[in-house]
Each structure stands twice: as structure tokens, then as C-alpha cells.
Protein chains: 2
Amino acid sequence: MTDSLEVNSTTGPCPISPMVSVIFGRWATEVLWALLHAGAMRFTELRRRVPDVTPKVLTQRLRQLERDGLITRTYHREVPPRVVYEATALARTLIPHFAGLERWTREHARDIDVARRAYAGPLAS
Amino acid sequence: MTDSLEVNSTTGPCPISPMVSVIFGRWATEVLWALLHAGAMRFTELRRRVPDVTPKVLTQRLRQLERDGLITRTYHREVPPRVVYEATALARTLIPHFAGLERWTREHARDIDVARRAYAGPLAS
DNA sequence: CGGCATCCGGGATGATACTG
DNA sequence: CAGTATCATCCCGGATGCCG
């Protein structure tokens, strides 16, 4: 058998790249992680749990995650107003994958760190 | 039991976010996917397999992946010159995780698409 | 007070053309 | 073949201000 058959089964562009921008876009993973592990919470608590994110960018990411069906936004018309964000069932299907990546990180983060220190090429930063 | 104990075990910032920028940064996933599934290849073939990436950005990403120990770069001093990129053993440990995300994408990509169409909020694009 | 919009600067990214 | 060089563009981040 030629290897072209093998190649044909993998020629398609990376099948997960469309989801990468949705799930692993900037701050998206941190927000999802917080909502999946600590449950529903308000905007301000989300800011506490996702340090260094500015309110503007956090709002942008929340809108995108809401649009993609990964979180819900519930507005409570009170004084003062209260907005609660919560992970959807769709987002919860990501939990085992996040857990797997957490394990990978624990096992290999050091390898990357070592490689980075040993690197002496043009990107040595 | 109070929920503060539960919270304590998850208060740390998202533990996978440092790796997300390395593995799921722009074009990184596509490049790793190509090298993991089709084996070592040259710069030009990588451009063919990762459509729409410009040579400048592809070079940047390859340098970063090399620095982080996920790929190797082998320069063959010939006429014409030949540079071969290959995934390392460290990168191969990602294969099951990529496979898991591929399955998740197959199972839930449609859900995201439906949510996106049904969304009528400020991000309706 | 909490959530969100606007203006601006900087770094990453993209398009196009050129070089060892 | 395997990248650079240059310029345009976009997204992120900081500061400020509005509005319920």
C-alpha cells in the first residue's frame, strides 16, 4: 500500500482548530475553568477569580462564550442589579478534557521549562 | 461542611492556562497536528498543509515551538538547502489529548453552531 | 456600586514583495 | 527553498466616563 492513502486520511486541515479559538482563546479557558469548578458567579467575583483581566476584555469574552452556548447570562433586576454567569451543560462536557490537560501540564510543564532555558536560538528571551 | 473548603481546592488560577498559550496559540495547534499526523516535513510542505499561514508567522511559530521543545529543526546544507521540522517525543504525548478534543469537536461543533445562529445579542455577527 | 461603552497606545498578526 | 523586510490591520489592555 502506498502512503498516499495514509496521507489522505490526515490531509484535512487540523479538525480541532475551529474549536481552539472558542475554548482556548485569550481568557476563555480561565473563565470557563472558574465557572466549571466554582459554579455560577457574578461579574465581580469572576474578576477576582480571573486576575489581571480588565473589565472590558472580560465582558467581550463573556459575550462570546454566551453566544457560543458555553455560558448563560442571567440579569436580575434588583437594587443593585445582579448578573450571574453560569456554565452550560455543553461547557460541562469539557471538564474531562480540561482535567486531561491539567494532568499533562503537571507532567510536562517542567520539560517545556527546561527546553526553554536550554534554547539559545534567535528567540532566546 | 462549608463550601469554602471546596473553593480552596480550586481557588488557584486556571492551572492549564500557561500551556494553552504554548499548545493552542495561533497556528501552533495546526502546525503540531500536521507534524504529529503526517510526520517530519519541510517548510514548504508545512505551508501546504497549514493553509492561510504566511511565511513570516509560520517561521515565528516554528521558532517558538522549537524553543519550547515541541519540534526540532534540522538544517541540511545542500543545494538547494533543506530544512526538516519534526515533532519531538514531548509533542507526541499530546496525541491522546488532541484525539480527545477531535472527538469533542465532532460531537459538539454542531451545538456551538446552533447556539451561535440562535444568538441575537450584541455580538450577533 | 456594578456592568458596559469609548478613545487611545502597543504588540501580535496578516499581505505583499524581496533575498541568501 | 526557506525564509526576511516592510507596511497595514486587528486585538488586547489602560484610562475615562456613562447608566441603571
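Every chain is numbered from 1 and lettered A, B, ... according to where its sequence line falls, protein lines coming before strand lines. Model, not experiment: these values are computed from the prediction.
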Step-by-step side-chain contact (heavy atoms from CB on, under 4.5 Å) determination, A/T93 to B/H108: CA-CA 9 Å; A/T93 63; B/H108 299 289; 3.7 Å; yes
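Backbone-only contact: B/R73 has heavy atoms under 4.0 Å from sugar-phosphate atoms and none from a base. Residue-level contact check: A/P80 touches neither bases nor backbone, having no heavy atom under 4.0 Å from any strand.
Distances from the side chain of B/T54 to the nucleotides C/dG14, C/dT13, D/dA2 place C/dG14 closest.
With rounding to the nearest 0.5 angstrom, the CH2 atom of A/W104 is 8.0 Å from the CG atom of A/D111.
Using cut-offs of 30° and 60° on the angle between ring planes, the pair B/F24 and B/F98 is tilted.
Checking the phosphate oxygens (OP1, OP2) of D/dC1, no side-chain nitrogen or oxygen of B/R48 falls inside 4.0 Å. Under 4.0 angstrom from either OP1 or OP2 of C/dT13 there lies at least one side-chain N or O belonging to B/R61. Phosphate contact (OP1/OP2 of D/dG3, side-chain N/O of B/R47, threshold under 4.0 Å): absent. Of the side-chain N and O atoms in A/R77, none sit less than 4.0 angstrom from OP1 or OP2 of D/dG20. The shortest distance between the side-chain N/O atoms of B/T44 and the OP1/OP2 oxygens of D/dA2 is below 4.0 Å. For the pair B/Y75 and C/dG20, the criterion of a side-chain N or O lying under 4.0 Å from OP1 or OP2 is not met. Residue B/Q60 places at least one side-chain N or O closer than 4.0 Å to OP1 or OP2 of C/dT13.
Side-chain N or O atoms of A/S17 include none that pairs as donor or acceptor with a backbone N or O of B/E30 at under 3.5 Å.
At whole-Å resolution of the value, CG in A/L62 and P in C/dG3 are 10 Å apart. The nearest whole Å value for the distance from the CD1 atom in B/I71 to the P atom in D/dA2 is 14 Å. Distance B/Y85 OH to D/dA2 P: 8 Å, rounded to the nearest Å. Atom CG in A/L46 sits about 14 Å away from atom P in C/dG2, given to the nearest Å. Look at CD on B/E78: it is 13 Å from P on D/dC1, rounded to the nearest Å.
Between the side chains of A/Q64 and A/R61, at least one donor-acceptor pair of N or O atoms lies under 3.5 Å.
With DNA chain D read from its 5' end, the first of the two nearest nucleotides for A/W27 and A/P81 is the one closest to A/W27. Closest-nucleotide positions on DNA chain D for A/R26 and B/F43 were compared, and the one nearer the 5' end corresponds to B/F43.
Below the 3.5 angstrom threshold, one finds a donor paired with an acceptor across the side chain of B/K56 and the base of C/dG14.
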